[in-house]
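Beneath this line is the structure, given in structure tokens, with notes to follow.
Only this structure's heavy atoms are used, side chains among them; waters, hydrogens and symmetry mates stay out. In what follows, chains are A, B, ... by sequence order, proteins preceding strands, each numbered from 1.
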2 protein chains.
Amino acid sequence: MSSTDQIITVLKLEYLFKGCSDDFIGQMAAQGRIISANKGQVLFVSHDEAAYFYIVVSGWVKLFRETLDGAQAVVDILPTGHMFGETSLFENGEYPFSAEATESMKLLAVPMGLLQQEIENNPKMALAMLSAMARYRKHQDREIEHRTLQNAPQRIGCFLLRLADQSHEGAVKIHLPYDKTLLASRLGMQPETFSRALAKLKEKTGIKVNGATIEMDSLDQLVKYSCAACSSEFPCNDLPACRKVE
Amino acid sequence: MSSTDQIITVLKLEYLFKGCSDDFIGQMAAQGRIISANKGQVLFVSHDEAAYFYIVVSGWVKLFRETLDGAQAVVDILPTGHMFGETSLFENGEYPFSAEATESMKLLAVPMGLLQQEIENNPKMALAMLSAMARYRKHQDREIEHRTLQNAPQRIGCFLLRLADQSHEGAVKIHLPYDKTLLASRLGMQPETFSRALAKLKEKTGIKVNGATIEMDSLDQLVKYSCAACSSEFPCNDLPACRKVE
DNA sequence: TCTAACATTTGACAATAGTCAAGGCAAGTT
DNA sequence: AACTTGCCTTGACTATTGTCAAATGTTAGA
């Protein structure tokens with residue numbers, strides 16, 4: 001497979017580009033570049049001029065913001081096929097957060113101008129972008145709700161549920177997508193709190209924890225415990241930005 | 001002033017409609033209806049079919065979500081000139097939250113179809129809508145950050161700062177826009193916690209609290225105390241959805 | 001004016017989460 | 001095997017926030 005074909009495959013993973021013209025996809029493929037990043041490498045920092053948007057090719061990216069004294073708030077952690085940095089189009093051309101590779105990984109960088117042109121010239125693209133923004137907004141709204149109504153063990157349970165295959169009845173085996181310290185920050189808690197909260201979740205729901213592998217006979221207990229403190233009914237038709245795109 | 005002219009005045013308060021054609025504004029004015037709501041009146045509940053979007057004419061609207069056992073998470077509290085319910089266009093036609101009048105107030109209800117058509121037929125409108133969504137997203141992102149990094153007194157201080165006239169040096173007098181219980185829920189805390197946190201803020205920054213009126217010699221102390229736990233520098237060019245539109 | 005209905009504050013206490021320090025564990029290196 | 005490094009867990013303690021109950025203010029009506 002040629003490099004361009006590889007890039008096209010990556011582009012089509014991102015929901016926003018699913019229905020795009022071959023012409024536009026082709027342009028992005030021609031001007032896009034696959035780049036590598038090592039663990040801990042900072043791709044850009046908040047307020048950098050946003051010349052590119054990115055799509056995760058492999059690995060996970062941490063988006064975050066930082067105070068002067070170093071406290072971090074993780075905005076999101078994105079898997080393969082997810083786009084980021086594109087909202088800078090509407091934020092006076094600056095990235096609104098910093099981005100860091102959480103492991104050795106690959107990314108596709110595409111010049112922002114391409115997307116901007118397409119949105120401005122192709123009404124369908126603007127509508128698609130609107131859908132993408134709305135989807136994200138829903139995701140963020142739910143995040144705020146979770147932080148307000150769920151305690152630490154419930155948030156972990158909720159995350160596990162979104163990670164699990166919800167269509168499937170019976171026994172479930174889940175593998176945590178990235179390390180526990182990172183997951184803790186994703187859920188807005190300290191690593192120590194995560195460790196204790198997972199232990200409490202285990203005690204309350206009977207899940208079996210073995211390192212990064214979690215097993216249970218069924219999702220029922222988890223649903224009962226976590227979804228009680230959430231306004232959405234299980235299964236929440238969330239776009240799972242915590243699960244890898246197949 | 002005719003009823004239609006009144007409605008046009010209201011429509012032009014909303015940022016999204018600032019640059020719209022007189023034709024579209026006229027259509028909305030013709031099909032829009034001013035409605036009254038009493039304190040506590042529920043305008044719609046989450047998952048209702050979204051036939052109208054709304055603009056606040058006077059008073060404040062609480063947007064919230066609720067769990068089965070009655071716990072509430074306040075999504076936002078909107079003042080005069082702000083629109084809500086419009087995102088249902090991208091949420092399979094259902095409202096993603098419930099809305100309640102926090103006092104006796106007036107609202108403008110406009111059929112959703114009008115906005116939908118305009119967005120689909122007028123590329124400029126789609127772009128304006130994109131900007132509006134991006135602005136809102138920024139707002140929500142910051143909210144998550146505040147919940148993560150700021151404690152209760154700092155969140156109150158931050159809210160006061162956004163309420164204050166930041167361009168003006170020297171002594172400041174602020175009047176809380178709605179009652180403290182509601183403000184507490186807006187900031188994601190219990191009324192009791194709010195009361196104590198305000199007392200602590202007073203002690204830490206020397207602000208003078210008298211009922212709903214708050215005075216201080218300058219914003220400096222507040223900035224020092226609250227903005228230390230935030231990634232944005234003061235003054236944060238937030239769109240103040242907490243301050244009324246002039 | 002009086003009063004009922006709320007809003008706000010306060011006290012006492014419980015639950016939850018954060019902080020700091022010390023170990024344990026596992027994977028990879030020398 | 002011994003060592004290093006980073007991740008994770010645990011203990012002890014603190015800080016923050018929530019809960020429940022009671023007292024105090026406030027306000028809009030009757």
(message) Less than 6.0 angstrom separating the ring centers of A:Tyr95 and A:Phe84, yes or no?
(response) no

(message) Between the side chains of A:Arg196 and A:Glu192, is the shortest nitrogen-to-carboxylate-oxygen separation below 4.0 Å, so that they form an ion pair?
(response) no

(request) Please state how far atom CG in A:Leu149 lies from atom P in C:dT16, giving the value in whole angstrom units. (result) 14 Å

(request) Measure from CZ on B:Arg147 to C1' on C:dT16 and round the result to the nearest Å. (result) 17 Å

(message) I need the NZ-C1' distance between B:Lys202 and C:dT9, as an integer number of Å.
(response) 11 Å

(request) Kindly indicate whether the side chain of B:Thr80, heavy atoms from C-beta on, has any atom under 4.5 Å from the side chain of B:Val57. (result) no

(message) What is the separation between atom CG on A:Asn38 and atom C1' on D:dG6, rounded to the nearest whole Å?
(response) 17 Å

(message) Is the phosphate of D:dT5 approached by A:Lys39 (side-chain N or O, under 4.0 Å from OP1 or OP2)?
(response) no

(message) Using whole Å, what does the distance between atom P of nucleotide D:dC7 and atom CG of A:Leu176 come to?
(response) 15 Å

(request) State plainly whether the residues A:Arg135 and B:Glu91 are in salt-bridge range, i.e. N to O under 4.0 Å. (result) no

(request) Going 5' to 3' through nucleotides 23-30 of chain C, assign each nucleotide B (protein heavy atom under 4.0 Å from a base atom), S (under 4.0 Å only from sugar-phosphate atoms) or - (no protein heavy atom that close). (result) --------

(request) Under the salt bridge (Lys or Arg N to Asp or Glu O under 4.0 Å) rule, what do A:Glu143 and A:Arg137 come out as? Steps first, then yes or no, please. (result) CA-CA 10 Å; A:Glu143 195 63 34; A:Arg137 173 173 167 161; over 6 Å; no

(message) Generate the contact string for nucleotides 13-30 of chain D. Rules: B means base contact, S means sugar-phosphate contact only, - means no protein heavy atom under 4.0 Å.
(response) ---SSBBBB---------

(message) Looking at A:Lys208 and A:Asp217, is there a salt bridge between them, counting it only when a charged N and a carboxylate O are closer than 4.0 Å?
(response) yes

(request) Quickly work out the A:Leu198 CG to D:dC7 P distance and round it to whole Å. (result) 18 Å

(request) State, yes or no, whether a side-chain contact exists between B:Leu198 and B:Lys180 at a heavy-atom distance under 4.5 Å. (result) yes

(request) Provide, to the nearest angstrom, the distance between the CG atom belonging to B:Asp179 and the C1' atom belonging to C:dT8. (result) 10 Å

(message) Taking ring-ring contact (aromatic ring centres under 6.0 Å, His included) as the criterion, tell me which of A:Tyr54, A:Phe64, A:Tyr52 meets it with A:Phe44.
(response) A:Tyr54

(message) For a side-chain hydrogen bond (donor to acceptor under 3.5 Å, both in side chains) check, start with the C-alpha distance between B:Glu145 and B:Ser231, then their side-chain angles and the critical distance, and finish with the verdict.
(response) CA-CA 8 Å; B:Glu145 182 191 323; B:Ser231 72; 2.8 Å; yes

(message) Below the 4.0 Å mark, does D:dG6 have OP1 or OP2 next to a side-chain nitrogen or oxygen of A:Thr181?
(response) no

(message) Rounded to whole Å, how long is the line connecting atom CG of A:Asp69 with atom P of C:dT19?
(response) 11 Å

